[in-house]
2 protein chains.
Amino acid sequence: MTKEELKKIKALNSKKGRKEQRKFAVGGVRLLEEALKHKFLPNMLLYASAGLSARGQKLIMAFKKLKVTLNELSLLKIEAVSDTRSSQGILAVFDTPEQELSKLYKPIYRRLLLCDEITDPGNLGTLARSALAFEFDMLLVSRKSIELYNPKVVRSSAGALFRLPVANVSYEELKDFKIRKKAQLIASKASSNNSMTELTLNSNNPIILAIGSEAAGLSERVLKLSDAVIGIVHSPQAESLNAAVAGSIIMKQIYDRDKNQK
Amino acid sequence: MTKEELKKIKALNSKKGRKEQRKFAVGGVRLLEEALKHKFLPNMLLYASAGLSARGQKLIMAFKKLKVTLNELSLLKIEAVSDTRSSQGILAVFDTPEQELSKLYKPIYRRLLLCDEITDPGNLGTLARSALAFEFDMLLVSRKSIELYNPKVVRSSAGALFRLPVANVSYEELKDFKIRKKAQLIASKASSNNSMTELTLNSNNPIILAIGSEAAGLSERVLKLSDAVIGIVHSPQAESLNAAVAGSIIMKQIYDRDKNQK
């Protein structure tokens, strides 16, 4: 690889670089095994034989079979272009997926998670991870949330972002979508004592569960758009729960409820 | 304050410094409001009037009333000794609390959370936060877990560490404690399909819920010590849940179950 090519990959560590190239890069054996499992293929793989575990070697071979472009480099060079020191000798460059709601939504989708102005990368990634685990069909991410393909978000998602369709939505798109699809918007609010388990929903229409940021909660206009406001009953000793924990608990409740109704 | 004194406070950003001085330091208005609420008082407060919000000023006044030693400094100096740039003009130095199980445990405690070899500061702090929210009485932290008073752990706990008794336990202490108190050890395992809701427990004896690390799960010997192994049913699409999310979901299930039994 030329110096120029490596420079372009290194530029993917910045938001600007990712936006300009419409690509993102992540490393690590475990994470890239998930990409393989979900058939989300990189357009290029950099690897260093010296740094690879047996699992890493197997992974490289699997990607090779799938005709992914491979580039062998020194471990030092891979670490130099990675965003962390945890590449484990393997770094993959992906095209940023489609993020247009109108192109991604399918009528079969029943459960959507809206991340509203979530700025913590760990929280956004963890919510995506739980959304996949609890069979949410799609993620909606508001404009003011942290950028989705930030490597920290991708890592925290443990590969869920390789699988789940994720739309980046403006408030207007959300509102329009909700009306057209007759979707029921359920707002999660730390101070609410309404429990998910007591909520009656129209099971013919999709639901959108909205989770806001740790510091500010849901934005006013999303709250106004909601059909129901729910919370998680807990001791008053704790001010609130972590946003990803709260969202995950409610997703689990919805998952259990829908399972019981089948 | 002398240069020497400031140097000692700055040293609290390292594990070594915290261990030597048996102290830890954290900043931020919201976090220190929790310390005040739980009456966990610092032995010293550094503040910069220029950097303080109205809430921050109120907080300083409240600590002053409680006879906490105050030191006014420039914002620059406070930032220089803080571990992050988010001190918001206030930094508190605390004595590290007692961490001996035998000194902390009270017979009234019914629900204990064991964090086994958890090395991610965000996960450990978030588990403590949820433990307080779901009325767990005490935290047990295994020797190989990340150090409890690491500022990242304290921040992620959102103040729960100011309230919950936390014991640092060796495996031998844990085993001995379990036998003497006839405690029921419930092990959480990602691959288990046994649900908490189906578990029958002796409600006369305390329970210990054990959560392991993201990467390795529970240690073998803790698993062997357990009376029941449970997991969280979810889609096979996702490999597993985040450790703090999984622990929080099970704590919420135990909290709900105990509430319904009352």
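All chains are named by letter (A, B, ...) in the order of the sequence lines, taking the proteins before the strands, and each is independently numbered beginning at 1.
- Across B:Ala160, B:Ala158, B:Ala244, B:Ala215, the residue that shares the most heavy-atom pairs under 4.5 angstrom with chain A is B:Ala215.
- To the nearest 0.5 angstrom, B:Leu241 atom CG is 9.5 Å from A:Met251 atom CE.
- Nearest approach of B:Lys37 to A:Pro236, heavy atoms of both residues: NZ-O, 3.7 Å.
- The CZ atom of B:Arg30 sits 7.5 Å away from atom CD of A:Glu214, with the distance rounded to the nearest 0.5 Å.
- With a 4.5 angstrom heavy-atom cutoff, A:Ala246 does not touch chain B via any of its atoms.
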Q | Intermediate values then yes/no, side chain to side chain contact (heavy atoms under 4.5 Å, CB included), B:Gln237 and A:His38 | A | CA-CA 9 Å; B:Gln237 286 292 345; A:His38 296 305; 3.5 Å; yes
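- A donor-acceptor pair is defined here as one N or O able to donate and one able to accept, closer than 3.5 Å; such a pair exists between the side chain of A:Lys252 and the backbone of B:Val233.
- Interface residues of residues 117-134 of chain A toward chain B, defined by a heavy-atom distance below 4.5 Å and sorted by number: A:Thr126, A:Arg129, A:Ser130, A:Leu132, A:Ala133, A:Phe134.
- With a threshold of 4.5 angstrom between heavy atoms, B:Ser156 does not approach chain A through any atom at all.
- The candidate with the highest count of non-hydrogen atom pairs below 4.5 Å against chain B, out of A:Ser240, A:Gly159, A:Gly247, is A:Ser240.
- Rounding to the nearest 0.5 Å gives a distance of 9.5 Å between OG of A:Ser248 and CD1 of B:Ile232.
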